[in-house]
Amino acid sequence: NAGVTQTPKFQVLKTGQSMTLQCAQDMNHNSMYWYRQDPGMGLRLIYYSASEGTTDKGEVPNGYNVSRLNKREFSLRLESAAPSQTSVYFCASSERPPSTDTQYFGPGTRLTVL
Amino acid sequence: AQSVTQLGSHVSVSEGALVLLRCNYSSSVPPYLFWYVQYPNQGLQLLLKYTSAATLVKGINDFEAEFKKSETSFHLTKPSAHMSDAAEYFCAVRTKTSYDKVIFGPGTSLSVIP
């Protein structure tokens, strides 16, 4: 099993450009999450999807949109990138809450917005 | 609202010495608590978790943590540090009222000195 995979691993954008970060999991998990990691701030939840067909805002949703394409895939879109969105982005998944609480993380996408 | 604080953004220990990483939380309901570890250029992985069973929780690689309700703490310890323990450690809390989401602390970077 590959676990949680993310593409791309690295990306450089210019201000105003758009892009989509892809995430897929092969563990048949119901819940999926998008976080951003910034120095000294830990991980902050951007959006999450408790189950296929549902999405909800997390702590820092502004400037982002998400799509739960199917049970396996959860994408994050930046419509008009800003330098403040320079960060490392992690996708994670877990079984349907609250039966189990462990989240499994992907390797991350390092995004730089110039 | 729940929150997590980690005392010390950076901790250095000698190889073979005790590792102690501090975590305090606030929560209005009994929490679930987690420690995750992030090795350089990787995603996070679960070290251990507390889900209201035994207050002393054992995890992987000889790490353990003790839940102390009176102190609202969940400190992580390891009797003898190894060079491979050098990483970033995150404490996280999930409350039973928001079981879809986890709040992460800012992280503690552990260095191990040979």
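Reckoned from all heavy atoms, side chains included, excluding hydrogens, waters and symmetry mates. All figures in this text were calculated on a predicted structure; none of them were measured in a lab. Letters go in sequence order (proteins before strands), and every chain restarts at 1.
- Contacts between A:Gln6 and chain B at a heavy-atom distance below 4.5 Å are absent for every atom of the residue.
- The contact list for residues 73-85 of chain B toward chain A, using heavy atoms and a distance under 4.5 Å, is empty.
- For A:Tyr104, no part lies near chain B; criterion is any non-hydrogen pair under 4.5 Å.
- The greatest number of non-hydrogen atom pairs below 4.5 Å with chain A, out of B:Gly107, B:Pro106, B:Ser9, B:Gly105, is found for B:Pro106.
- Hydrophobic clustering places B:Phe63 together with B:Trp35 (ILVMFWY residues linked when any side-chain heavy atoms are closer than 4.5 Å, directly or through intermediates).
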Report task. May I have the step-by-step check of side-chain contact (heavy atoms from CB on, under 4.5 Å) for B:Val102 and A:Tyr35, ending in yes or no? Result -> CA-CA 11 Å; B:Val102 168; A:Tyr35 293 93; 4.2 Å; yes

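- Two different hydrophobic clusters hold A:Val66 and A:Tyr48 under the rule that ILVMFWY side chains link at heavy-atom gaps under 4.5 Å.
- Contacts of B:Gln38 with chain A are made by side-chain atoms alone, with heavy-atom separations under 4.5 Å and no backbone atom involved.
- Contact between A:Tyr33 and B:Arg94 at its shortest, heavy atoms only, is OH-NH2, 3.7 Å.
- Within the structure, disulfide (SG to SG under 2.5 Å) contacts touching residues 31-84 of chain B (residues at least two apart or in different chains) do not occur.
- Residues A:Leu111 and A:Phe105 do not share a hydrophobic cluster, clusters being chains of Ile/Leu/Val/Met/Phe/Trp/Tyr side chains in contact below 4.5 Å.
- Considering only residues two or more places apart in sequence or on other chains, B:Phe90 meets the ring-ring contact (aromatic ring centres under 6.0 Å, His included) condition with none of them.
- Atom CG of A:Leu69 has more than 12 neighbouring heavy atoms from other residues, nucleotides or ligands inside a 6.0 Å radius.
- Residues of residues 78-87 of chain A having a heavy atom under 4.5 Å from any heavy atom of chain B: none.
- For the atom pair OG1 of A:Thr102 and CZ of B:Phe34, the computed distance is 7.0 Å after rounding to the nearest 0.5 Å.
- Neither the backbone nor the side chain of A:Arg44 comes within contact range of chain B, judged by heavy atoms closer than 4.5 Å.
- Linking Ile, Leu, Val, Met, Phe, Trp and Tyr residues whenever their side-chain heavy atoms come within less than 4.5 Å places B:Tyr39 and B:Leu48 in a single cluster.
- Follow the hydrophobic side-chain contacts under 4.5 Å out from B:Val93 and you never reach A:Val60; the two are in separate clusters.
- In this structure, the portions of B:Leu44 lying under 4.5 Å from any heavy atom of chain A include both its backbone and its side chain.
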